[in-house]
Amino acid sequence: MKPVKKNKAEDPELEPLCCCEYIDQNGQKNHVAACLCDCQDLDEGCDRWITCKSVQPETCERIMATISDRLRVPWLRGAKKVNISIIPPLILLPVLLCVASWHFLLGVVVLTSLPVLALWYYYLTHRRKEQTLFFLSLGLFSLGYMYYVFLQEVVPKGRVRPTQLGLLTCGLLLILLALYRAKKNPGYLRRPASNDRSLSSSQMECLNTKGQEKTKGSPGPESSGGLNNRTPKDDLKGSSRMLAGSPTKVKEDWCAKCQLVRPARAWHCRICGICVRRMDHHCVCCVGESNHQAFILALLVFLLTSVYGITLTLDTICRDRSVFTALFYCPGVYANHSSALSFTCVWYSVIITAGMAYIFLIQLINISYNVTEREVQQALRQKTGRRLLCGLIVDTGQYNRGFLRNWLQFSTLGTHPFHHPAEDIV
């Protein structure tokens with residue numbers, strides 16, 4: 001057995017860390033108060049920036065690595081690292097919304113640029129295959145900040161009844177509970193142990209027997225020679241193809257990165273770095289077989305709560321007007337900071353709600369046709385799907401069993417785990 005390497009922070013020979021000490025990326029003990037000390041990369045970057053010289057990308061990466069390593073909060077048994085991606089929403093969102101409430105034109109510019117910047121950052125991190133807490137921080141802080149503005153600026157005006165406030169609060173709590181459930185295991189496929197990665201002799205014998213039965217009667221030495229030269233990975237792929245033609249219609253595939261046989265509709269998430277059962281997509285977290293229902297529930301509760309909060313706010317700051325009219329014409333709303341900030345937050349909520357409503361609509365359509373977002377994207381690339389309503393609906397036809405059966409299958413996701421041991425594929 002190989003000796004287990006111990007982390008220097010857990011080495012008993014070292015002195016225990018106090019709440020402000022930590023082991024840095026160089027393996028040395030450091031202190032939170034010394035976060036600005038001995039940072040040559042940051043000094044070099046500042047010098048080049050002051051002298052109007054370009055900073056090398058490698059220097060920028062080292063600076064960001066140093067900042068993320070030293071950005072810590074005091075904690076028991078050593079300072080804990082804070083993910084730097086959660087900080088920008090906490091600072092930028094209140095500042096930008098406050099600036100947008102100063103004038104109508106500023107509001108148009110800020111509220112237009114916010115979704116553009118968020119989408120740009122999303123595609124940037126997706127292309128680099130990086131995990132980030134930016135969008136989770138943005139979503140949770142947006143919920144908290146909208147609720148704070150509602151309590152501080154809307155409720156004191158006296159138009160919101162206690163029952164309405166209680167209903168809105170319950171909706172917010174349900175959103176958090178659904179998000180907590182959606183953040184759990186989406187259906188990760190377990191990586192096999194090192195001693196199980198190679199097939200046993202009985203399984204290999206079974207695979208070879210199946211292959212010989214299939215190739216019996218086919219003249220020529222190429223078929224038999226090709227069978228004898230196959231590796232265990234090739235045997236798994238071959239058995240997957242044989243199984244795809246079986247009556248069970250269960251197609252298996254080999255994942256070279258996870259070194260496992262994944263069942264039908266499972267995909268490898270390049271961001272999480274692991275295979276997920278019936279993977280739909282990856283946004284804030286991986287959405288798969290085990291948390292897809294919680295994801296849909298979170299979207300539904302968010303839409304209902306957001307629309308209800310928008311209605312209460314507009315009814316308070318723009319009296320005697322319908323919700324749709326007040327959204328586009330509310331005279332005197334910029335007369336004071338309280339109503340202006342509330343109106344700006346309403347428009348921010350409308351933009352976010354419209355985006356979530358589009359995602360919710362796409363999800364409902366995909367469930368009705370029993371396709372996942374990953375399968376839709378693959379069908380569009382390979383031009384194998386049937387496009388309806390200008391591409392809003394993509395029907396692959398592979399798993400579609402009718403509207404009611406599709407929804408019945410979705411309602412039972414994760415309740416009956418379907419395991420595929422290696423013995424079942426031969």
Side-chain angles (χ1 to χ4, degrees), residues 88-121 134-135 137-176 298-361:
L90 307 182
I91 300 175
L92 294 179
L93 185 63
V95 172
L96 291 178
L97 290 180
C98 183
V99 172
S101 64
W102 291 348
H103 195 270
F104 170 74
L105 295 179
L106 285 175
V108 171
V109 173
V110 171
L111 294 176
T112 305
S113 60
L114 275 177
V116 175
L117 292 175
L119 289 175
W120 170 79
Y121 185 78
F134 175 84
F135 297 100
S137 173
L138 179 62
L140 294 178
F141 187 67
S142 296
L143 287 174
Y145 187 69
M146 295 302 107
Y147 188 68
Y148 169 77
V149 172
F150 186 82
L151 293 179
Q152 290 293 115
E153 308 295 344
V154 180
V155 174
K157 297 183 184 298
R159 298 273 295 181
V160 180
R161 296 192 297 271
T163 55
Q164 294 175 328
L165 178 60
L167 187 60
L168 187 67
T169 305
C170 290
L172 181 62
L173 295 177
L174 288 177
I175 294 173
L176 296 178
L299 285 177
L300 177 61
V301 177
F302 171 78
L303 291 176
L304 295 177
T305 306
S306 179
V307 171
Y308 187 63
I310 290 171
T311 303
L312 292 178
T313 304
L314 288 178
D315 183 64
T316 301
I317 62 177
C318 300
R319 302 181 182 181
D320 302 328
R321 295 183 184 275
S322 64
V323 175
F324 186 78
T325 304
L327 194 60
F328 294 96
Y329 181 69
C330 186
V333 70
Y334 286 95
N336 57 80
H337 176 72
S338 176
S339 60
L341 181 61
S342 302
F343 189 72
T344 303
C345 291
V346 163
W347 263 106
Y348 175 76
S349 302
V350 167
I351 294 173
I352 300 299
T353 305
M356 295 297 105
Y358 174 76
I359 295 176
F360 185 67
L361 176 63

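Every value quoted in this text rests on a predicted model; they were computed, and no experiment measured them.
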Subject >> Heavy-atom pair with the smallest gap, counting every atom of T305 and G171 >> reply: OG1-CA, 3.5 Å
Original post:
Quick one: do the T313 and S342 side chains pair a donor with an acceptor below 3.5 Å?
Top reply: no
Original post:
Is S142 close to I352 at the side-chain level, that is, under 4.5 Å between some pair of heavy atoms?
Top reply: no
Original post:
Has R159 got more than 12 heavy atoms of other residues, nucleotides or ligands less than 6.0 Å from its CZ?
Top reply: yes
**OP:** Please name the residue in the list V346, V307, T311, D315 that meets the side-chain contact (heavy atoms from CB on, under 4.5 Å) test with V323.
**Re:** T311
Subject >> Interatomic distance, F302 atom CZ to L174 atom CG [nearest 0.5 angstrom] >> reply: 14.0 Å
Original post:
For the ring pair Y121 and F135, is the centre-to-centre distance below 6.0 Å?
Top reply: yes
Original post:
So, T325 side chain and S322 main chain: donor-acceptor pair closer than 3.5 Å or not?
Top reply: no
Original post:
Would you say the side chain of L97 lies within less than 4.5 Å of the side chain of Y145, judging by non-hydrogen atoms?
Top reply: yes
Original post:
Are more than 12 heavy atoms from other residues, nucleotides or ligands located less than 6.0 Å from atom OH of Y148?
Top reply: no
Original post:
Got a sec: does the CZ of F328 have more than 12 other heavy atoms crowding it under 6.0 Å?
Top reply: yes
Subject >> Shortest non-hydrogen separation from A100 to V110 and the atoms involved >> reply: CB-CB, 3.8 Å
Original post:
Quick one: does I359's side chain get under 4.5 Å of L299's, heavy atoms only?
Top reply: yes
**OP:** Starting at OG of S339, measure out to CD of E153 and round the result to the nearest 0.5 Å.
**Re:** 9.0 Å
**OP:** Please tell me if the side chains of V149 and Q152 come closer than 4.5 Å, counting only heavy atoms from C-beta onward.
**Re:** no
Original post:
Under 3.5 Å, is there a donor-acceptor pair between the T169 and Y147 side chains?
Top reply: yes
Original post:
What closest approach, in Å, do P88 and F134 show between heavy atoms, and which atom pair accounts for it?
Top reply: CB-CE1, 4.1 Å
Original post:
Within the distance-only criterion (no hydrogens, no angle test), does the side chain of W347 pair as donor or acceptor with the backbone N or O of V108 below 3.5 angstrom?
Top reply: no
Original post:
What is the minimum heavy-atom distance between V154 and L312, and which atoms define it?
Top reply: CG1-O, 4.5 Å
Subject >> Closest non-hydrogen atom pair between T344 and S101, with its separation >> reply: OG1-CA, 3.4 Å
**OP:** Give, for atom OG of S349 and atom CE of M146, the distance between the pair rounded to the nearest 0.5 Å.
**Re:** 5.0 Å
Original post:
Measuring from L176:CG to L140:CG, what's the distance to the nearest 0.5 Å?
Top reply: 7.0 Å
Original post:
Any side-chain heavy-atom pair from L143 and L172 closer than 4.5 angstrom?
Top reply: yes
Subject >> Minimum-distance pair of heavy atoms, taken over all atoms of H103 and Y334 >> reply: C-CE2, 3.9 Å
**OP:** Quick one: pull up CG in L117 and CG in L96 and give me the separation to the nearest 0.5 Å.
**Re:** 8.5 Å
Original post:
Got a second to check how far L314's CG is from F343's CZ, nearest 0.5 Å?
Top reply: 7.0 Å
Original post:
Does L303 offer a backbone N or O that forms a donor-acceptor pair with the side chain of S306 under 3.5 Å?
Top reply: no
